[in-house]
Amino acid sequence: MFKKILDWIEDKTGLITTGKLLLDHPVPPNTGWLYVFGSATFFCFILQVITGIALAFLYQRSTSTAYESLKFINSDSQLGHLLRGIHYFGASAMIFLVGIHMIRVYLMAAFKYPRELSWITGAILLLLTVTMGFTGQLLRWDSNGVWSAIVGAEQAGRVPFVGKPFARMFLGGETLNGLTVMRFFSIHVFLIPAFLFGLIGIHISMVVRNGISEPPSAGQKVDPKTYKAWYQEMLKIKGVPFWPDAGWRDLAFGLAVMIVIILLAVLIGPPDIGKPPDVSDIDANPRPDWYFLWIFALFALMPRGIESFAIAFSPVFIGIVLILLPLLNNSGERSTSRRPWSVAIVTIMIITIATLWFIGKKSPW
């Protein structure tokens with residue numbers, strides 16, 4: 001009976017054949033553990049979807065009830081405290097892993113031909129993941145979350161032409177109002193996840209179509225005229241099926257990440273719920289979640305004369321760089337030994353972000 005059911009599903013949908021093709025598609029040998037961060041990010045996303053749906057059943061998205069409903073979830077509902085913890089640490093893991101994944105792709109120059117679109121969709125996925133983290137912070141609807149949203153909207157409003165309409169769209173008006181929490185809830189639960197699902201599908205299809213990038217070797221340059229033919233020939237000679245030769249590492253690491261997330265949720269728990277929101281409290285000292293602390297410190301340390309300029313143009317500049325990188329540099333060396341400048345850029349970036357993070361963590365602003 002089970003075989004008849006599977007045969008019927010296969011006849012109507014072709015899902016089993018498609019799944020088998022995905023699992024059996026050849027990949028370069030010796031990809032190793034450095035290739036597991038992308039799939040681990042996807043594992044975290046699925047975990048976020050599951051826990052987010054569970055939390056949405058109990059969360060009340062109005063300014064008058066959001067705070068109390070979150071307290072109920074945290075203290076009185078069955079497994080609510082655990083779900084909040086898993087959701088919080090899952091978000092942290094997702095942002096951390098997508099960052100590590102992009103660093104790995106950059107250092108190995110896996111953004112070069114023919115994988116330019118994979119890099120661009122990955123950069124957009126990074127932006128959407130960070131935006132998910134920001135919108136989720138306000139949904140706690142405590143003083144810290146509300147003031148963080150106000151500060152974020154005020155900063156976004158400084159961007160010329162699009163800043164103020166963008167801030168109004170997020171807040172549901174000129175200032176914080178009854179629509180704000182509903183607007184953030186809709187963006188966090190419906191809009192961004194829809195884009196994430198679509199882009200993840202495109203991203204994975206690009207990986208399957210163009211293949212997983214082989215580990216780079218010094219002196220082996222990418223030539224758009226000959227690379228595809230060389231890659232297909234290499235797969236015929238040395239390629240191994242994705243499952244189990246390479247896929248088992250993705251599965252093992254993804255499950256390990258989820259186990260760590262659950263353990264952190266049990267042992268540490270979700271962040272504390274702060275005081276009820278009070279926009280008249282001018283002495284409030286809002287601090288974002290840890291993955292935004294370095295940006296918080298960076299803007300706090302900037303001279304007032306350049307702060308608005310940096311807020312307005314730095315996101316645009318970063319976005320342009322990320323998009324143009326694979327388009328203008330899609331050939332040549334991939335090995336880090338022949339691209340020392342790439343190692344230097346990543347090292348400086350990590351040291352800068354870590355330093356700013358410690359400043360944001362310790363300094364009383």
To the nearest 0.5 Å, what is the distance between [atom1] on [X] and [atom2] on [Y]?
| X | Y | atom1 | atom2 | result |
| --- | --- | --- | --- | --- |
| Leu356 | Leu301 | CG | CG | 7.0 Å |
| Ile16 | Thr13 | CD1 | OG1 | 7.0 Å |
| Ile202 | Leu199 | CD1 | CG | 5.5 Å |
| Leu293 | Ile353 | CG | CD1 | 12.5 Å |
| Leu34 | Ile100 | CG | CD1 | 10.5 Å |
| Leu97 | Ser39 | CG | OG | 9.5 Å |

task = Could you list the residues that satisfy ring pair (Phe, Tyr, Trp, His ring centres under 6.0 Å) with Phe242, not counting sequence neighbours?
result =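 Ring pair (Phe, Tyr, Trp, His ring centres under 6.0 Å) list for Phe242, sorted by chain: His25.
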
Heavy atoms from other residues, nucleotides or ligands near [atom1] of [X] exceed 12 (cutoff 6.0 Å):
| X | atom1 | result |
| --- | --- | --- |
| Phe96 | CZ | no |
| Asp7 | CG | yes |
| Trp33 | CH2 | yes |
| Met234 | CE | yes |

Are [Y] and [X] co-members of a hydrophobic cluster defined by side-chain heavy atoms under 4.5 Å apart?
| X | Y | value |
| --- | --- | --- |
| Leu55 | Ile46 | yes |
| Leu79 | Ile53 | yes |
| Phe134 | Val49 | yes |
| Val36 | Ile204 | yes |
| Leu23 | Leu6 | no |

Can you find a heavy atom in the side chain of [X] that is under 4.5 Å from one in the side chain of [Y]?
| X | Y | result |
| --- | --- | --- |
| Leu235 | Pro28 | yes |
| Ile268 | Leu263 | no |
| Trp141 | Val181 | yes |
| Ile103 | Met349 | yes |
| Ile86 | Met258 | no |
| Phe89 | Ile262 | no |
| Leu70 | Asn74 | no |
| Tyr88 | Leu264 | no |

Atom pairs and distances, donor-acceptor, side-chain atoms in residues 216-224, under 3.5 Å, two or more places apart:
residue, atom, partner, partner atom, Å
Asp223, OD1, Lys225, N, 3.1

Verify, without hydrogens or angle tests, whether [X] (side chain) and [Y] (backbone) share a donor-acceptor contact under 3.5 angstrom.
| X | Y | result |
| --- | --- | --- |
| Gln48 | His87 | yes |
| Glu10 | Thr17 | yes |
| His188 | Met132 | yes |
| Asn210 | Pro114 | yes |
| Tyr59 | Leu139 | yes |

For the residue pair [X] and [Y], what are the closest heavy atoms and their distance?
| X | Y | answer |
| --- | --- | --- |
| Leu58 | Phe72 | CD2-CE2, 4.3 Å |
| Pro288 | Gln137 | CA-NE2, 3.4 Å |
| Pro215 | Thr31 | CG-CA, 4.3 Å |
| Ser342 | Leu107 | O-CD2, 3.8 Å |
| Leu128 | Ile192 | O-CG2, 3.7 Å |
| Lys112 | Ser331 | NZ-O, 2.8 Å |

ask   = Is there a side-chain contact (heavy atoms from CB on, under 4.5 Å) between Thr336 and Met108 once you walk through the steps?
value = CA-CA 7 Å; Thr336 53; Met108 290 188 170; 5.7 Å; no

ask   = So Phe111 and Ile120, side-chain contact (heavy atoms from CB on, under 4.5 Å) or not? Walk me through it.
value = CA-CA 9 Å; Phe111 56 82; Ile120 293 173; over 6 Å; no

query = Is Arg104 positioned over the aromatic face of Tyr35, cation under 6.0 angstrom from the ring centre and no more than 45 degrees off axis?
reply =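 Relative to the ring axis of Tyr35, which defines the angle, Arg104 lies inside both limits.
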
ask   = Does Arg115 have any salt bridge (Lys or Arg N to Asp or Glu O under 4.0 Å) partners at least two apart in sequence or in another chain, and if so, which?
value =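 Salt bridge (Lys or Arg N to Asp or Glu O under 4.0 Å) list for Arg115, sorted by chain: empty.
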
task = Under the salt bridge (Lys or Arg N to Asp or Glu O under 4.0 Å) rule, collect the residues that match up with Arg334, sequence neighbours excluded.
result = Glu214

ask   = Do the charged groups of Arg140 and Asp272 touch, with an N to O distance under 4.0 Å?
value =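 No salt bridge links Arg140 with Asp272.
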
request  = Please list all pairs passing the ring-ring contact (aromatic ring centres under 6.0 Å, His included) test where one or both residues lie in residues 189-216, with sequence neighbours left out.
outcome  = Phe45-Phe197

Pairs touching residues 332-351 that satisfy ring-ring contact (aromatic ring centres under 6.0 Å, His included), sequence neighbours left out =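 Found none.
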
ask   = Strictly by modelled atom types, are Ser62 and Thr65 linked by a side-chain donor-acceptor pair under 3.5 Å?
value =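 Looking only at side-chain atoms, Thr65 and Ser62 do form a donor-acceptor pair, the distance falling under 3.5 Å.
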
request  = Show your reasoning for whether side-chain contact (heavy atoms from CB on, under 4.5 Å) applies to Ile261 and Leu47.
outcome  = CA-CA 10 Å; Ile261 290 171; Leu47 190 65; 4.0 Å; yes

message = Would you say the rings of Phe37 and Phe253 are close, in the sense that their centroids are separated by under 6.0 Å?
response =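 For Phe253 and Phe37, the ring centres are under 6.0 Å apart.
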
Output field: ring centroids Phe296/Phe292 closer than 6.0 Å =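 No, too far apart.
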
key: Stepwise side-chain contact (heavy atoms from CB on, under 4.5 Å) test for Asp142 and Lys275   = CA-CA 6 Å; Asp142 57 5; Lys275 298 177 181 179; over 6 Å; no

query = In terms of the angle between their ring planes, are Tyr106 and Trp119 parallel, tilted or perpendicular, with boundaries placed at 30° and 60°?
reply = tilted

